[in-house]
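Keep in mind that what you see is a predicted model, and the values were worked out from it rather than measured.
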Amino acid sequence: MKYSNKISFLLIAIWLLSSACSEEWLEPEPLSFYAPENVFVDESGLESLLITMRKDLRWEYDGPNGGLVSELVTTDIAIASPRNNRSPRELDVQLTPATDGNYRMLDYFINAYEYIRNANVLIARIDAPDWSSEDKRNEVLAEALFHRSYWYYRLVHQYGDVPFIGNEIQEAKVDFFSHSRKTILAKLIEDMQFAVQHLPEAAVPGAITVYAGHYLLAKIYLADSQFAAAVQSATEVIN
């Protein structure tokens, strides 16, 4: 009996070893793939990307070492509370692109382009779904244009001339070059003029309304020295 048990165990071990060496046994069998090609193909897929962009926008205001906080600690309005060498004290030394610490200005550059990438994915794939209506398509596109315009508006005020990426990048690219701040502002005005025509008057919490659109458009007009247009857009918000 003991001998037969040993034989059984030996046969099982041989079978396990032989199956473990099979290449087919190592091949993954995922239940699904989360990729643009099979997610951003319908209304719900693109709307899920809008939710991501709304989350990205919250980082600016209440995220860890968020963008606005990073700006305030460089002024006389606020000071970084942590008492350690990673918080900025000597701005000319600590706030450089190579800074290794809290409130790194390079982080803002990297984060903004990550958020712009999300907007570009949606904008590039806006006609992939079979939309329930043209109005719905334009509303989703308008919000994506708002998010992209917001981050470029912030970038040109942080850094001046920066690369403008207006399309989805699907492969490695190393030949970026800067566009002038003036040229980028003109493109943002064009995009936001479309956006305010299609953004809704009311929306769920966190989503963008037409009044948020007019507010951003007014700020872009001011940056471009179009003061009369800025007054008109701001009046839409006030009224």
K.L.:
Check ring-ring contact (aromatic ring centres under 6.0 Å, His included) between His179 and all other residues, then give those that pass, not counting sequence neighbours.
P.N.:
Phe177
K.L.:
Taking salt bridge (Lys or Arg N to Asp or Glu O under 4.0 Å) as the test, write out the residues that go with Glu60, two or more places apart.
P.N.:
Arg154
K.L.:
Rounded to the nearest 0.5 Å, what separation is found between the CD1 atom of Ile220 and the CD1 atom of Ile184?
P.N.:
11.5 Å
K.L.:
Is it true that, when you exclude Glu114 itself, more than 12 heavy atoms of the residues, nucleotides or ligands shown sit nearer than 6.0 Å to its CD?
P.N.:
yes
K.L.:
State which residues pass ring-ring contact (aromatic ring centres under 6.0 Å, His included) with Tyr152; sequence neighbours excluded, sorted by chain then number.
P.N.:
Phe164
K.L.:
Starting at OG1 of Thr52, measure out to CG of Leu57 and round the result to the nearest 0.5 Å.
P.N.:
12.5 Å
K.L.:
Among Val121, Ile123, Asp127, Leu122, exactly one meets side chain to side chain contact (heavy atoms under 4.5 Å, CB included) together with Arg125. Which residue is that?
P.N.:
Val121
K.L.:
Of all heavy-atom pairs between Phe146 and Ala212, which one has the smallest distance, and what is that distance?
P.N.:
CE1-O, 3.5 Å
K.L.:
Taking the hydrophobic residues Ile, Leu, Val, Met, Phe, Trp and Tyr, and joining any pair whose side-chain heavy atoms are under 4.5 Å apart, which ones share a cluster with Val174?
P.N.:
none
K.L.:
Can you list the steps and then say if Lys173 with Asp175 is a salt bridge (charged side-chain N to carboxylate O under 4.0 Å, His left out)?
P.N.:
CA-CA 6 Å; Lys173 179 179 172 65; Asp175 57 343; 2.8 Å; yes
K.L.:
Please report the closest heavy-atom contact between Leu185 and Ala223, naming both atoms and the distance.
P.N.:
CD1-O, 3.8 Å
K.L.:
Going by the rule salt bridge (Lys or Arg N to Asp or Glu O under 4.0 Å), which residues pair with Arg54 if we only count those two or more places apart in sequence or in a different chain?
P.N.:
Glu143
K.L.:
In Å and rounded to the nearest 0.5 Å, what is the CE to CG distance from Met192 to Leu216?
P.N.:
4.5 Å
K.L.:
Could you pull out all residues at least two apart from Lys55 that satisfy salt bridge (Lys or Arg N to Asp or Glu O under 4.0 Å)?
P.N.:
none
K.L.:
If you round to the nearest 0.5 Å, how far is CG of Leu145 from CG of Asn138?
P.N.:
10.0 Å
K.L.:
Does Trp131 reach the main-chain N or O of Ile126 with its side chain, forming a donor-acceptor pair under 3.5 Å?
P.N.:
yes
K.L.:
Distance check, rounded to the nearest 0.5 Å: Lys187 atom NZ versus Ser149 atom OG?
P.N.:
8.5 Å
K.L.:
Does the Arg148 side chain pair with the main chain of Gly166, one donor and one acceptor, at a distance under 3.5 Å?
P.N.:
yes
K.L.:
Identify, with sequence neighbours excluded, every residue that meets ring-ring contact (aromatic ring centres under 6.0 Å, His included) alongside Tyr221.
P.N.:
none
K.L.:
Write down the atom of Phe109, the atom of Tyr159, and the distance for their closest heavy-atom approach.
P.N.:
N-OH, 3.3 Å
K.L.:
Parallel, tilted or perpendicular: which fits the ring planes of Tyr150 and Tyr61, with parallel below 30° and perpendicular above 60°?
P.N.:
tilted
K.L.:
According to a 4.5 Å side-chain heavy-atom criterion applied to Ile, Leu, Val, Met, Phe, Trp and Tyr, with indirect links allowed, do Leu141 and Ile51 form part of one hydrophobic cluster?
P.N.:
no
K.L.:
For a quick test of reading the model, state the closest non-hydrogen atom pair linking Ala144 to Ala119 and the distance between them.
P.N.:
O-CB, 3.8 Å
K.L.:
Tell me, please, which residues at least two apart from Ser178 pass side chain to side chain donor-acceptor pair (under 3.5 Å).
P.N.:
none
K.L.:
Do any pairs count as a side-chain hydrogen bond (donor to acceptor under 3.5 Å, both in side chains) and have a residue in residues 200-215, sequence neighbours left out, and if so which ones?
P.N.:
His214-Ser233
K.L.:
Is any side-chain heavy atom of Tyr115 closer than 4.5 Å to a side-chain heavy atom of Trp59?
P.N.:
yes
K.L.:
Run Gln226 and Ile189 through side-chain contact (heavy atoms from CB on, under 4.5 Å) and show every step you take.
P.N.:
CA-CA 10 Å; Gln226 297 189 39; Ile189 289 173; 3.5 Å; yes
K.L.:
Run Asn167 and Asn120 through side-chain hydrogen bond (donor to acceptor under 3.5 Å, both in side chains) and show every step you take.
P.N.:
CA-CA 5 Å; Asn167 57 289; Asn120 280 337; over 6 Å; no
K.L.:
Can you tell me how far CG of Asp161 sits from NZ of Lys182, rounded to the nearest 0.5 angstrom?
P.N.:
12.5 Å
K.L.:
Could you check if a side-chain atom of Phe227 sits within less than 4.5 angstrom of a side-chain atom of Val231, using non-hydrogen atoms only?
P.N.:
no
K.L.:
With sequence neighbours left out, write down each residue that passes ring-ring contact (aromatic ring centres under 6.0 Å, His included) with Phe194, or none if nothing qualifies.
P.N.:
His198
K.L.:
Of all residues at least two apart in sequence or in a different chain, which pass the salt bridge (Lys or Arg N to Asp or Glu O under 4.0 Å) check with Arg181?
P.N.:
none
K.L.:
Can you name the closest pair of heavy atoms from Gly213 and Leu199 and give their distance?
P.N.:
CA-CD1, 4.0 Å
K.L.:
Can you list the residues that meet the side chain to side chain donor-acceptor pair (under 3.5 Å) rule with Gln197, with sequence neighbours excluded?
P.N.:
none
